[in-house]
Amino acid sequence: MSVEASKDLVLRFFETIEEENYDELKDFCHQDFVFYPQLDTPYPGVEGLKKGLHIRLLPSFH
(Lines give C-alpha, C1' and ligand atoms only; values in the text may rest on other atoms or scores of the structure.)
Protein backbone atom coordinates (compact mmCIF):
# COMPACT_ATOMS: atom_id res chain seq x y z
CA MET A 1 0.00 0.00 0.00
CA SER A 2 1.39 3.38 -0.94
CA VAL A 3 1.83 6.23 1.50
CA GLU A 4 -0.99 8.14 -0.17
CA ALA A 5 -3.33 5.14 0.03
CA SER A 6 -2.47 4.76 3.72
CA LYS A 7 -3.20 8.44 4.36
CA ASP A 8 -6.52 8.16 2.54
CA LEU A 9 -7.47 5.10 4.59
CA VAL A 10 -6.72 6.80 7.90
CA LEU A 11 -8.57 9.94 6.82
CA ARG A 12 -11.63 7.88 5.82
CA PHE A 13 -11.51 6.09 9.20
CA PHE A 14 -11.61 9.35 11.16
CA GLU A 15 -14.22 10.88 8.85
CA THR A 16 -16.40 7.81 9.39
CA ILE A 17 -16.17 8.34 13.15
CA GLU A 18 -16.79 12.09 12.93
CA GLU A 19 -19.84 11.51 10.73
CA GLU A 20 -21.04 8.93 13.28
CA ASN A 21 -21.39 6.42 10.45
CA TYR A 22 -20.57 3.59 12.83
CA ASP A 23 -21.98 0.79 10.69
CA GLU A 24 -19.16 1.35 8.21
CA LEU A 25 -16.45 0.86 10.86
CA LYS A 26 -16.55 -2.86 10.14
CA ASP A 27 -14.72 -2.04 6.89
CA PHE A 28 -11.74 -0.77 8.91
CA CYS A 29 -11.47 -3.25 11.77
CA HIS A 30 -10.17 -6.82 11.89
CA GLN A 31 -12.57 -9.37 13.38
CA ASP A 32 -10.29 -9.66 16.45
CA PHE A 33 -10.06 -5.90 16.96
CA VAL A 34 -10.23 -4.68 20.58
CA PHE A 35 -10.65 -0.99 21.46
CA TYR A 36 -9.00 0.20 24.69
CA PRO A 37 -10.27 3.66 25.66
CA GLN A 38 -8.52 3.01 28.99
CA LEU A 39 -5.79 0.47 29.63
CA ASP A 40 -8.00 -1.71 31.82
CA THR A 41 -11.20 -1.43 29.79
CA PRO A 42 -11.21 -3.59 26.65
CA TYR A 43 -14.15 -3.26 24.25
CA PRO A 44 -14.01 -6.17 21.76
CA GLY A 45 -14.97 -5.86 18.12
CA VAL A 46 -16.60 -3.11 16.12
CA GLU A 47 -19.46 -3.06 18.62
CA GLY A 48 -16.92 -2.34 21.34
CA LEU A 49 -15.49 0.50 19.30
CA LYS A 50 -18.97 1.96 18.83
CA LYS A 51 -19.61 1.66 22.56
CA GLY A 52 -16.27 3.19 23.46
CA LEU A 53 -16.65 6.15 21.11
CA HIS A 54 -19.34 7.68 23.28
CA ILE A 55 -16.45 8.76 25.50
CA ARG A 56 -15.42 11.01 22.61
CA LEU A 57 -11.69 10.58 23.06
CA LEU A 58 -10.98 11.55 19.50
CA PRO A 59 -10.90 15.28 18.76
CA SER A 60 -12.34 16.80 15.62
CA PHE A 61 -9.78 16.96 12.85
CA HIS A 62 -11.52 19.60 10.73
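- Taking every heavy atom of both residues into account, Leu9 and Met1 meet most closely at CD2-CE, 4.2 Å.
- Residues Phe28 and Arg12 are in side-chain contact: their nearest non-hydrogen atoms beyond the backbone lie under 4.5 Å apart.
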Q: Could you check Leu49 against Phe33 for side chain to side chain contact (heavy atoms under 4.5 Å, CB included), going step by step and ending with a plain yes or no?
A: CA-CA 9 Å; Leu49 177 57; Phe33 175 79; 3.9 Å; yes
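- For Glu47 and Lys50, the salt-bridge test passes: some basic side-chain N is under 4.0 Å from an acidic carboxylate O.
- Of all non-hydrogen atoms in Gly48 and Phe35, the two that sit nearest each other are O-CD2, 4.1 Å.
- Residues that satisfy the side chain to side chain contact (heavy atoms under 4.5 Å, CB included) test with Ser2, not counting sequence neighbours, are Glu4, Ala5.
- Between Glu15 and Asn21 the shortest side-chain heavy-atom distance does not fall below 4.5 Å.
- The side-chain heavy atoms of Leu25 and Phe13, taken from C-beta on, include a pair separated by under 4.5 Å.
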